Amino acid sequence: MNIDFIKDQFPDLAKDQKLIEEIAQVATIKSYNKGEVIIDYGDYIKYVPMVISGLLKIIREGENDNEILLYFLGSGESCAASFSCCMIKKRSEIKAVCEEKSKILMIPISYADQWMGKYSNWRDFVINMYDARLLSLIDTIDRVSFAKLDEKLLYYLDEMVSHKSDQVLNISHHEIALDLNASRESISRLLKKLEAAGKISLSRNEITIIDL
DNA sequence: ACATTAAGTGATT
DNA sequence: AATCACTTAATGT
């Protein structure tokens, strides 16, 4: 497998050549398109996913139709929770949905486990990912409990565009509304304001970020 | 051309 | 800010 991208996306891991070689041996690369579900509720997780490119959305769904957006995973990021989740053979409590065409490096859990002792770079990577996820969760709590909708929307757009190479988001107002637990109309109106302020431009299923 | 889906708007609570 | 009712616009068949 061609593993050159690891040096770009995961520079901390790339420092250890042996680790890189082993990753190349055991990992597989999977591609997903927008909307595909990568991990669903109740799934047993067998791989630690590492995002090479694209964007994943990690969400928690309630009994009704409401969902909470926990965080995004962009390139160079990984979901450490999946690691512990499969270590204790628990079913997934969360859902991972592909937000835009993505490539994911899948590390079989048995290796991910074994590398913890074998490679300090890997161990540091996993710990850093835990820390990063925890911080973004705390951030999320702040957002959902305190922020007003217009602030949430700004944060959402910012978060989304920061994980992308270009400034164009292919998403409908409806989808945003679901992610933010708001009504579609509110989102449309707020977006309209942002457009009037020259921060974004709108067209069907497309939002171009000009300057937030 | 028609149906469907996305988005815009005003009124009401 | 949510909901409703309705309009307008874009897109698919």
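The chains referred to below are lettered A, B, ... by the order of the sequence lines, with proteins before strands, and numbering in each begins at 1. These numbers come from a predicted model, not from an experiment.
Side-chain atoms of A:Val26 and A:Trp115, non-hydrogen and from C-beta on, do get closer than 4.5 Å to each other. In this structure, the side chains of A:Glu99 and A:Met160 come closer than 4.5 Å at one or more pairs of heavy atoms.
Nucleotide B:dA6 holds its P atom 13 Å from the CD atom of A:Glu185, rounded to whole Å. One can place CD of A:Glu175 at 8 Å from P of B:dA6, the figure rounded to the nearest angstrom. Between the CG atom of A:Asn181 and the P atom of C:dT3 there is a distance of 11 Å, given to the nearest Å. Computed from coordinates, the A:Arg184 CZ to C:dA9 C1' distance equals 13 Å when rounded to whole Å. Atoms CD1 (A:Ile176) and C1' (B:dA6) sit 12 Å apart, rounded to a whole Å. One can place CD1 of A:Ile207 at 12 Å from C1' of B:dA6, the figure rounded to the nearest angstrom. In this entry the distance linking CG of A:Leu169 with P of B:dA7 reads 12 Å, nearest Å. Computed from coordinates, the A:Lys148 NZ to C:dA1 P distance equals 8 Å when rounded to whole Å.
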Check: Dot-bracket, DNA chain B: Watson-Crick or G-U, under 3.5 angstrom, [ ] crossing, | other strand?
Finding: |||||||||||||
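With hydrogens and angles disregarded, a donor-acceptor distance shorter than 3.5 Å links the side chain of A:Ser78 to the backbone of A:Pro49.
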Note to self: Go through it in stages, so that I can follow the logic: the residues are A:Glu175 and A:Lys34, the test is salt bridge (Lys or Arg N to Asp or Glu O under 4.0 Å), and I'd like the CA-CA distance, side-chain angles, deciding distance and then a yes or no.
What the structure shows: CA-CA 12 Å; A:Glu175 282 178 85; A:Lys34 182 177 164 70; 3.4 Å; yes
Extract all donor-acceptor atom pairs below 3.5 Å that involve side chains of residues 100-113 of chain A and protein atoms in other chains or at least two apart in sequence.
residue  : atom : partner  : partner atom : Å
A:Lys101 : NZ   : A:Asn33  : OD1          : 3.1
A:Ser102 : OG   : A:Leu55  : N            : 3.0
A:Ser102 : OG   : A:Glu100 : O            : 2.5

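Under 4.0 angstrom from either OP1 or OP2 of C:dA2 there lies at least one side-chain N or O belonging to A:Ser186. A:His173 has no side-chain polar atom (N or O) that falls below the 4.0 Å cut-off from OP1 or OP2 of B:dT5.
A:His174 pairs with exactly one of A:Ile171, A:Leu178, A:Ile176 by the side-chain contact (heavy atoms from CB on, under 4.5 Å) rule, that one being A:Leu178.
Hydrophobic cluster membership differs between A:Ile58 and A:Tyr155, with clusters built from Ile, Leu, Val, Met, Phe, Trp and Tyr side chains linked at under 4.5 angstrom. A:Leu134 and A:Ile141 are members of different hydrophobic clusters when ILVMFWY side chains are connected at heavy-atom separations under 4.5 Å.
Near DNA chain B, meaning a heavy atom under 4.0 Å from it, residues 188-206 of chain A has A:Ser188, A:Arg189, A:Lys192, A:Arg204, A:Asn205 in order of number.
Taking the six-membered ring where the residue is Trp, A:His163 and A:Phe72 present tilted rings, their angle falling between 30° and 60°.
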